[in-house]
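Here the structure is laid out as structure tokens; the discussion comes afterwards.
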Amino acid sequence: MWIGVLYLIGASALFGCLPTVNKLLLLHGLTSGSLVFLTYLTVAAASGIALIIQKKFLRVPLKQCVTLMILGFLGMGATAYLLNLSYTFIPVGLSTMLHFSYPTLVVIITTFFFKEKFNTAKAYAILASFLGMFLIANLSGGGEQIGILFALTSGMTYALYIVGNDKGTVNRFPLLLKIFYASAGTACIFGIQTLGNISLPSAGIDIFLLFGVCGLGTLAAYYFLTKGIKLVGAVTASFFNMLEPIFSLLISTIVYQDALEIKSILGGILILSAVFIIAASPKLYQK
């Protein structure tokens, strides 16, 4: 059980660091579409090379191949794209809070469609995580309803990705193979979208950040996440992934010298309490 927890903590730490690097690259002139395309192209290439070296590159039946690509596009590309879209209509803090509704959505999906039991631990974790995100998120400013829809939909696509990796028929394939096809689907779709309009980094440090940190970091993050889902299940994984905004807050505070407010600290404590309750509920690990 705790090996899975460590994988999930590692995934959250990596996912929490990546937004800071993405922001730097966007500030240096890289477009959002190019960033998504080049990141997942790197993920697909690196995972493909690893599979070839390990002699584990298997042909996947067409139906499962399409399923993996759709699952990858939903959880990887569409999630990031919808979240970025929401930023243009509503405050980033509100977008983040609405996106992190996905642990609740995972609970709803697994309860109604897979007949998993809803218990007190899950109820507390949902409440504490929502309150925690409310305190961490900066909700100042107005916004448009379409932005709320984009942010909520990003939470739904990510919830489907997490549940699909736990309950779907593709769960029998090796982790790197799943990541290869999933990231290839995302790279193909965003490659078509950015065709003829792809921007590339020019500075050496930006090239390293894009391919070395964003590309390989994303590969490692999804490997840890997928491994964690396999070991502890979708519900537990989704709540442990709530550590991501805490890591992101800490990194942003260090890199951009953002002020760390008392309410953000209290929000982090509430999220940690939700994670602890889920971790201390043994019944959630019975798969």
Side-chain angles (χ1 to χ4, degrees), residues 1 4-16 19 71 74-76 78-80 82-83 86 93-137 148 150-168 221-222 224-249 266-287:
M1 178 189 75
V5 167
L6 290 175
Y7 275 117
L8 293 168
I9 292 174
S12 295
L14 287 168
F15 280 129
L71 189 65
L74 286 174
M76 296 175 175
T79 298
L82 287 166
L83 201 53
S86 72
L94 179 57
S95 293
T96 304
M97 189 183 77
L98 293 172
H99 170 69
F100 275 91
S101 64
Y102 71 79
T104 300
L105 296 173
V106 169
V107 171
I108 292 171
I109 293 170
T110 55
T111 299
F112 284 96
F113 293 97
F114 297 97
K115 308 304 179 185
E116 290 190 3
K117 291 184 179 180
F118 184 81
N119 56 27
T120 306
K122 292 180 181 178
Y124 173 81
I126 289 172
L127 179 61
S129 60
F130 264 115
L131 289 174
M133 283 307 305
F134 178 79
L135 291 171
I136 286 179
I148 293 174
F150 284 144
L152 285 173
T153 306
S154 76
M156 174 57 75
T157 56
Y158 201 61
L160 291 173
Y161 176 80
I162 290 176
V163 174
N165 269 286
D166 183 33
K167 308 293 185 181
Y222 275 106
F224 290 162
L225 174 63
T226 309
K227 185 73 172 180
I229 293 171
K230 187 173 183 178
L231 291 173
V232 303
V235 171
T236 304
S238 65
F239 279 104
F240 266 94
N241 222 25
M242 291 287 294
L243 294 173
E244 178 186 335
I246 296 178
F247 281 112
S248 183
L249 182 67
L266 293 175
I269 292 172
L270 278 170
I271 290 174
L272 288 173
S273 73
V275 171
F276 176 78
I277 289 295
I278 290 294
S281 181
K283 290 183 180 180
L284 292 179
Y285 298 98
Q286 295 175 2
K287 299 194 64 189

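These numbers were taken from a predicted model, which means no experiment stands behind them. If you read the sequence from its start, that first residue is 1, and numbering goes on from there.
- Of all non-hydrogen atoms in Ala151 and Leu98, the two that sit nearest each other are CB-CB, 3.7 Å.
- Put simply, NZ on Lys167 and CZ on Phe113 are 13.5 Å apart, with the number rounded to the nearest 0.5 Å.
- Contact detail for Ser129 and Ala274: the closest heavy-atom pair is N-CB, 4.2 Å.
- For Phe276, the CZ atom counts as loosely surrounded, since its 6.0 Å shell holds 12 or fewer non-hydrogen atoms of other residues, nucleotides or ligands.
- To the nearest 0.5 Å, atoms NZ (Lys122) and CD1 (Ile277) are separated by 14.0 Å.
- Nearest heavy atom pair, residue Ser273 against residue Tyr124, reads OG-OH, 2.8 Å.
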Show which side-chain atoms of residues 157-164 pair as donor or acceptor with protein atoms under 3.5 Å away, not counting sequence neighbours.
unit_1: Thr157; atom_1: OG1; unit_2: Thr79; atom_2: OG1; d: 2.8
unit_1: Thr157; atom_1: OG1; unit_2: Thr153; atom_2: O; d: 3.4
unit_1: Thr157; atom_1: OG1; unit_2: Ser154; atom_2: O; d: 2.9
unit_1: Tyr158; atom_1: OH; unit_2: Asn241; atom_2: ND2; d: 3.3

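- Looking at Phe130 and Leu127, their side chains never come closer than 4.5 Å, going by heavy atoms from C-beta outward.
- In this structure the side chain of Ile126 reaches within 4.5 angstrom of the side chain of Phe239, judged on heavy atoms.
- Nearest heavy-atom pair, Gly10 versus Phe224, reported as atom, atom and distance to 0.1 Å: C-CD1, 3.9 Å.
- Aromatic pair Tyr102/Phe100: ring centres closer than 6.0 Å.
- Here the closest heavy-atom approach between residue His99 and residue Leu83 is recorded as CB-CD1, 3.7 Å.
- Between atom CD of residue Glu244 and atom CG of residue Leu225 there is a gap of 9.5 Å, rounded to the nearest 0.5 Å.
- Closest non-hydrogen pair, Leu8 versus Ala237, comes out as CD1-CA, 3.6 Å.
- Atom OG of Ser12 and atom OH of Tyr7 lie 14.5 Å apart (nearest 0.5 Å).
- Leu82 contributes atom CG, which lies 9.5 Å from atom CG of Leu74 (distance to the nearest 0.5 angstrom).
- Atom CD1 of residue Ile9 and atom CG of residue Leu14 lie 12.0 Å apart, to the nearest 0.5 angstrom.
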